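All figures in this text were calculated on a predicted structure; none of them were measured in a lab. Read the numbers this way: they start at 1 and go in the same order the structure lists the ligands and their atoms.
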Amino acid sequence: MSLIVQKFGGTSVADLKRIRSVAERVAKSFDQGNDVVVILSAMAGVTDDLIDMANQVTVLPDKRELDVLLATGEQTTAALLAMTLQSMSYPAKSILGYQAEIITNCNHGSARIVKIGADRIKELIEKRNIVVMAGFQGCDPEGNITTLGRGGSDTSAVAIAAAIKADTCEIFTDVDGIYTADPNVCEKARKLSAISYDEMLEMSGLGAKVLQIRSVEFAKKYNVPVHVRSSFSEEEGTMVVNEDSSMERLIVSGITHNKDTARITLKKVLDQPGVAAKIFSPIADAKILVDMIIQNTRAEGLTDLTFTVSKKDFSKALEIEKQVAKEIGAEKVFGDESIAKVSVTGVGMRSHSGVASKMFTTLAGENINIIMISTSEIRISCIIEEKYAELAVRVLHKAFGLDKD
Ligand code: ADP
Ligand code: ASP
Ligand code: MG
């Protein structure tokens, strides 16, 4: 008998028929003698619809109220699954984020979990209930409802698994595992039987939305084995685990792309101490995350500085920098939203050279211009024109020998 956390994503609970299939799968695990805690997403498309509705009311919805609204998506599916299980004579109880004591900071819209009480869940399990928890939501120390950022139910699931010391955390989704590239973009992508936390952290951070990055951070920190698998088949999926010696050590294990990026360039900025701080401090104050930064040195003590942010923060960041440019005397500020980031990742890169040159040569072979480059020990990323993102994924996948036969 094990303690299992099972998370089902939006497509898996898209309608009542699918909720019934989820109930049957959960019931099967319960009948095998396991204790089961289920974490649910909202029905596919519901979170987007709720955001649209809020934007119809006002251009800038209050973040606190938006979270109250968004949390209803997961509340709906949790109640419906609990009812479905009860109709099948199973002892199920739904529970919302605040009831499960998922305490977060007060950063509405992308709150971070700071503490989990979990006593309520443990009590329900001890009484042999199937606990059905609404994912994606928590509450701040003042009791305000918060949400954990898009894709946040993954994080709810792994965090709960860590808090209750579950034996495993199963993430049921619309693909049957983690692939060497998004299987919906690259049909030659191969399913991995296992991937290390570090590689998955890179892939999630670079746009592979199959797992929200914060869920992988939790999994790594608390050593939670995560099994990503399909809700539509019984097939084994991909284990996300600690790197071990039996793991296939590919130099490059995955190609990712992310279209949610935009760049801002400040031209002819004075090349002297304090200027970068003036450019980035107001961006940080606005709680905007900066991804890549490059600075080109020019002649006569001047420099051009370019950085990227996510598309949702683009207009705000551009507005801020127009102001900054006036203050620091930059010649010009401009932005570009039609870019994408494509990356190659792999732990084997630590001990191999030539990956970057192969990546650049492959992109050049398709006449794809590289706008920005950044690297880490186990990753190389290039910013390119958005229209080439899918093509870039496919050619890199092939060039690094990842295509399935
Ligand atoms: P859910 O609603 O179940 O949370 P998501 O849409 O958030 O599902 O995540 C699953 C999607 O992640 C897949 O449909 C796939 O398009 C995408 N994806 C991106 N990169 C990968 C990858 N390397 N392996 C598997 N899926 C990926
Ligand atoms: N419903 C939320 C979203 O669409 C959370 C999730 O599905 O994980 O982002
Ligand atoms: Mg998701």
So is P183 close enough to ligand 1, meaning a heavy atom under 4.0 angstrom away? yes
Taking only heavy atoms of A181 into account, list the atoms of ligand 1 that are under 4.0 Å away from them. 22 (C), 23 (N)
Looking at non-hydrogen atoms alone, which of T238, I195, V210 comes nearest to atom 9 (O) of ligand 1? V210
Once rounded to the nearest 0.5 Å, what's the spacing between atom CG of D67 and atom SG of C106? 11.0 Å
So, the side chain of T303 versus the backbone of N296: is there a donor-acceptor pair under 3.5 Å, distance only? yes
Between Y179 and ligand 1, does any nitrogen or oxygen pair lie at a separation below 3.5 Å? yes
May I ask whether G151 has any heavy atom positioned less than 4.0 angstrom from an atom of ligand 1? no
Determine whether F280 and F307 satisfy the following criterion, ring pair (Phe, Tyr, Trp, His ring centres under 6.0 Å), listing intermediate values before the conclusion. CA-CA 10 Å; F280 291 107; F307 64 94; 5.0 Å; yes
Among all the protein's non-hydrogen atoms, which is closest to atom 2 (O) of ligand 1, and how far away is it? G10 N, 3.2 Å
Hey, mind stepping through S374 and R379 against side-chain hydrogen bond (donor to acceptor under 3.5 Å, both in side chains) and telling me if it holds? CA-CA 8 Å; S374 85; R379 156 185 64 82; 3.0 Å; yes
How far is atom 5 (P) of ligand 1 from the closest protein heavy atom, and which atom is that? K209 CE, 4.0 Å
Closest to atom 25 (C) of ligand 1 among protein heavy atoms sits G177 O, 3.4 Å
Per-atom contacts, ligand 1 versus A208 - under 4.0 Å to a heavy atom: 19 (C), 20 (N)
At under 4.0 Å between heavy atoms, what of S153 touches ligand 1? The answer is neither
Counting only heavy atoms, which portion of K7 has something under 4.0 Å from ligand 1: side chain, backbone, both, or neither? side chain
Top protein contact for atom 15 (C) of ligand 1, by heavy-atom distance: D182 OD1, 3.3 Å
Under 4.0 Å between a side-chain nitrogen and a carboxylate oxygen: does that hold for E390 and K259? yes
Do the charged groups of D336 and R263 touch, with an N to O distance under 4.0 Å? yes
Quick one: do T345 and E199 satisfy side-chain hydrogen bond (donor to acceptor under 3.5 Å, both in side chains)? Show the steps, please. CA-CA 7 Å; T345 51; E199 278 173 317; over 6 Å; no
Quick one: list whatever passes salt bridge (charged side-chain N to carboxylate O under 4.0 Å, His left out) with K311, sequence neighbours left out. E386
Every pair of nitrogen or oxygen atoms between ligand 2 and the protein that is under 3.5 angstrom apart - can you list them with their distances to 0.1 Å?
unit_1, atom_1, unit_2, atom_2, d
ligand 2, 1 (N), T47, OG1, 2.8
ligand 2, 1 (N), E74, OE2, 2.7
ligand 2, 4 (O), T47, OG1, 3.4
ligand 2, 4 (O), R150, NH2, 2.9
ligand 2, 7 (O), S41, OG, 3.1
ligand 2, 8 (O), G152, N, 3.4
ligand 2, 8 (O), S153, N, 3.0
ligand 2, 8 (O), S153, OG, 3.1
ligand 2, 9 (O), R150, NE, 2.7
ligand 2, 9 (O), G151, N, 2.9

Qualifying residues under salt bridge (charged side-chain N to carboxylate O under 4.0 Å, His left out), relative to R229, sequence neighbours excluded: E170
Would D174 count as a polar contact of ligand 1, with the cut-off being nitrogen or oxygen pairs under 3.5 Å? yes
For atom 8 (O) of ligand 1, closest protein heavy-atom neighbour: T173 OG1, 3.1 Å
Treating E377 as the side-chain partner and R350 as the backbone partner, does any N or O pair qualify as donor plus acceptor under 3.5 Å? no
Mind checking salt bridge (charged side-chain N to carboxylate O under 4.0 Å, His left out) for E24 and listing every partner two or more places apart, or none if nothing turns up? R20
State the OG1-CG distance between T168 and L3, to the nearest 0.5 angstrom. 10.0 Å
Heavy-atom contacts under 4.0 Å between V175 and ligand 1: side chain, backbone, both, or neither? side chain
By number and element, which atoms of ligand 1 are closer than 4.0 Å to a non-hydrogen atom of M203? 23 (N)
Does any N or O of ligand 1 fall below 3.5 Å from an N or O anywhere on S12, backbone included? no
Quick check on side chain to side chain donor-acceptor pair (under 3.5 Å): which of D31, N129, T84 does Y90 satisfy it with? D31
Name the one of V275, D271, T306 that satisfies side chain to side chain contact (heavy atoms under 4.5 Å, CB included) with Q295? D271
